[in-house]
Amino acid sequence: MFARCLPLWRSSATCKPWQLGLSLHHGWERCQAWSCRGVNTTAEQGQQVSMQQNQVLEDLEMPVARRETENLFQERPETGNQYLEDALLRSYLKAHLPPKVLEEVSQDLERFGNRLLTEVKPLGWECELNPPVFRQYDAWGQRVDHIITCSAWKRMKEISAEEGLIAEAYERRYSNWSRVHQAVKLYLFSTTSGGFNCPLAMTDGAAKVIESLGTPASLKNAFDHLTSRDPKKFWTSGQWMTERRGGSDVANGTETVARKQPDGTYRLYGFKWFTSAADSDVTLTLARIADAEGHVKQGSSGLSLFFLKVRDEDKKLNNIRVQRLKDKLGTRQMATAELWLDGAEAELISAEGRGVASISNMLNISRIHNVIGAVASMRRMISLSREYALKRVVFGKLLKDHPLHMQTIARMEVQTRGAFLLLMEIARLLGLAETNMASEQDQLLLRLLVPVAKLYTGKQASATVIEAMECFGGQGYMEDTGLPVIVRDTLVLSIWEGTTNILSLDVLRSLTKSQGQVIAVFFSTVQMERAKGIPLLPLQICSSLPLPTGCSFKSAQITGSHGEFKEAQKFLKKKIELASSTAELEPAVKQMQAAINRLTQFIQGAGSKEAVTMELAARDFSYSLARIYAGALLIEHASRPDASAADISAARRWCNQELCPVATEFKNSSYEAEESLMDSSLVYGSPPSTSRL
């Protein structure tokens, strides 16, 4: 469901067979001449520009018919080994991984990068050209409901197993760094996977749920298949949650009923409206258990979690009927279907009525995969834009020599760096949690950062890939360049696994469930130079925030201060002192301090407001958390002794943006009840008494 690789860059002109060899010959010679990879314009590059200009002048003197068919006026951007070309990735791993782990992981990633370039990338484009097809009946009128996928899609599944793209996280051969290793491999794989990273996200989520349940004996075989490195044994999993009445509101939207059988199994009956990776081997799904009279309990407390195999031992569907394949804007390489469950045999794997709680681990993993896809899409488009700027000549010089063009790419690069470090931080924290090495503060921070990063990088990715599309001019709009594929596939990232607004409210819920401790840990982690007068926020203030319905704090008394965070603060203080001692970073540190202070003031001020205030502020509040935390990570990365000038510049430029938009809008009274009424007036012309939609 994420971004794809680019196909061969092709001219839009049509070539006659006898002209094709000449055209390709000229194009290849020119491609060889333009193999420069430098950043500054050299005398040789200047000569190349002149040569290309002369060629264009010669072309213009040709007859039109010959000009159109014999010449390629634009060079396609070429990228190499993604791991070797990603300086930020390599510097992050060098700074964080233990030496022995770094050595082994680097060798694996370099090898994998070569495999992506030579084997996986062509397969990814084949998946794009050959989307799944639904065959409902055979030639004799028998219903078969067969979803046909191409050979490249099947090969992607085998490669995923061979590379351990799921297994890596559960073997834990690098202890707490195994999740970072897996996240990096998925990040590199995403843009060439032909959409196969979506079923991997759900497979990872299913494995995580089974592991969190203690890997019961009945699910041991399934867990082994989901985490296998053997292509013949490897299974993928779906997650069938969305029904006709909606996706995010599973508590009220789930209609599927489970009827218990004499042997203890269940039969499921219902309609699944949106099932991604419908060709998966197994799936997890929610349903309501019917009692002896056929009654079911409504609400989230009536939902239970079930495991089922999609096909039986004879490869026949498990009492599942495929209604149709979805006609989607993007992610067309993957089969997404509407399914009828007509007595599908399933196993209850959660406690009865605890289905929603049981899928929380799955949602976290899926959302982290969403962040991986977002950052990978951003990096891919910037890499292509950067390479294209080394080749494309406009107004007498290379694109890279136009200051405004370079400024545009540089701004996208800063956003991508912030998003990447957010991703790595989440992977690091998840690795600690899974190896029982996470402190209470680490676990609280992970709970907060997953929805924050998912919602923010989804928005970042959409904006970045569209901006990068412009870097190619009209070619960016041409379907056979592959660029529109990346754009389409990226747009789903702000929707899948929760829209921006849904996740913003989830951020507020994380405050609720922790009774304010998550935000206290957040401040503890990003606090800059407390001696300069920015106090830590007491838990009592956090707990007094007025939250919307369903997000109110528990009534339990909150006691104590921040004594439990002292050790974390001492560690952080050393990092901040290092940043403050770097003269180039001092402006960024001061801007971070000011943003944290403004966020503190917002939380204090919001405590005296109505509940609608926090609901209206939820989106800007989440953006503020994302920008401040990413800023702290960028400053930390730029504080390393071997940090580059680009690292320092990225940190400074990130901190030059509005880091705390929620404080600005709060000061402007944007979250008052009166403003909410005006929102309706702006949308409908006058505040509607009832919805007409």
Side-chain angles (χ1 to χ4, degrees), residues 142-147 202-203 205-226 233 235-245 250-273 275 277-323 337-362:
Q142 298 296 315
R143 184 158 183 170
V144 292
D145 285 2
H146 189 196
I147 297 175
M202 294 182 289
T203 302
K208 183 64 178 176
V209 168
I210 294 173
E211 185 182 59
S212 69
L213 294 172
T215 316
S218 62
L219 295 175
K220 179 64 167 60
N221 181 59
F223 181 80
D224 290 343
H225 279 283
L226 294 170
K233 296 180 180 178
W235 286 354
T236 56
S237 175
Q239 53 185 55
W240 300 352
M241 306 297 165
T242 303
E243 301 198 6
R244 288 178 291 190
R245 293 171 60 184
V250 294
N252 297 308
T254 302
E255 300 172 320
T256 299
V257 173
R259 297 194 174 100
K260 192 171 184 178
Q261 305 301 302
D263 63 356
T265 62
Y266 287 80
R267 295 283 181 172
L268 304 187
Y269 300 85
F271 188 76
K272 297 298 179 178
W273 176 252
T275 60
D279 62 324
S280 292
D281 302 280
V282 297
T283 190
L284 300 183
T285 190
L286 293 172
R288 301 184 188 278
I289 297 177
D291 61 21
E293 288 74 35
H295 300 141
V296 297
K297 185 177 182 180
Q298 298 301 317
S300 61
S301 61
L303 292 174
S304 301
L305 183 63
F306 293 85
F307 168 87
L308 64 89
K309 293 182 179 179
V310 176
R311 294 180 180 273
D312 60 22
E313 299 299 328
D314 296 325
K315 303 301 180 182
K316 294 181 179 179
L317 287 172
N318 177 14
N319 294 309
I320 298 168
R321 287 185 290 140
V322 182
Q323 183 83 351
E338 297 174 10
L339 303 177
W340 279 103
L341 306 185
D342 189 19
E345 185 175 348
E347 177 185 351
L348 175 65
I349 63 173
S350 73
E352 189 169 336
R354 294 287 295 168
V356 173
S358 298
I359 65 171
S360 61
N361 282 307
M362 180 180 68

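L219 places a side-chain heavy atom less than 4.5 Å from the side chain of E347. Side-chain contact between L341 and I320: present, with at least one pair of heavy atoms (C-beta onward) separated by less than 4.5 Å. The shortest side-chain heavy-atom distance between L317 and V310 falls under the 4.5 Å cut-off.
More than 12 heavy atoms of other residues, nucleotides or ligands shown are found within 6.0 angstrom of CZ on R311.
Residue L226 forms a side-chain contact (heavy atoms from CB on, under 4.5 Å) with just one option from N221, T203, D281, and that option is T203. For the pairing with M241, the side-chain contact (heavy atoms from CB on, under 4.5 Å) check across T254, T275, L305, T256 returns one residue only, L305.
Side-chain N or O atoms of T285 include one that pairs as donor or acceptor with a backbone N or O of W240 at under 3.5 Å. The closest donor-acceptor contact from the side chain of D314 to the backbone of K316 lies at 3.5 Å or more, if one exists at all. Checking side-chain atoms of R288 against main-chain N and O of V257 turns up no donor-acceptor pair under 3.5 Å. With hydrogens and angles disregarded, no donor-acceptor distance shorter than 3.5 Å links the side chain of S304 to the backbone of E352. Here the side chain of N318 pairs a donor or acceptor atom with the backbone of E345 at under 3.5 angstrom.
The nearest pair of heavy atoms linking Y269 to R259 is CD1-NH1, 3.2 Å. Here the closest heavy-atom approach between residue M202 and residue A277 is recorded as CE-CB, 3.5 Å. The nearest pair of heavy atoms linking L268 to A287 is CD2-CB, 4.1 Å. Contact between T215 and E211 at its shortest, heavy atoms only, is OG1-CA, 3.7 Å. Scanning all heavy atoms of the two residues, the minimum distance from F306 to A258 falls at CZ-CB, 3.4 Å. Minimum heavy-atom separation, D145 to V322: OD2-N, 2.8 Å.
Scored by the side-chain contact (heavy atoms from CB on, under 4.5 Å) test, E255 finds E243, R244, R245 as partners (sequence neighbours excluded).
The aromatic rings of W235 and H225 lie parallel to each other, with less than 30° between the two planes, well short of the 60° mark.
Atom CD1 of residue I210 and atom NZ of residue K220 lie 11.0 Å apart, to the nearest 0.5 angstrom. The CG atom of L286 sits 8.0 Å away from the OG atom of S350 when rounded to the nearest 0.5 Å.
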For this session: Take Q239 and I359 through the side chain to side chain contact (heavy atoms under 4.5 Å, CB included) test and state the conclusion after the steps.
Result: CA-CA 10 Å; Q239 53 185 55; I359 65 171; over 6 Å; no
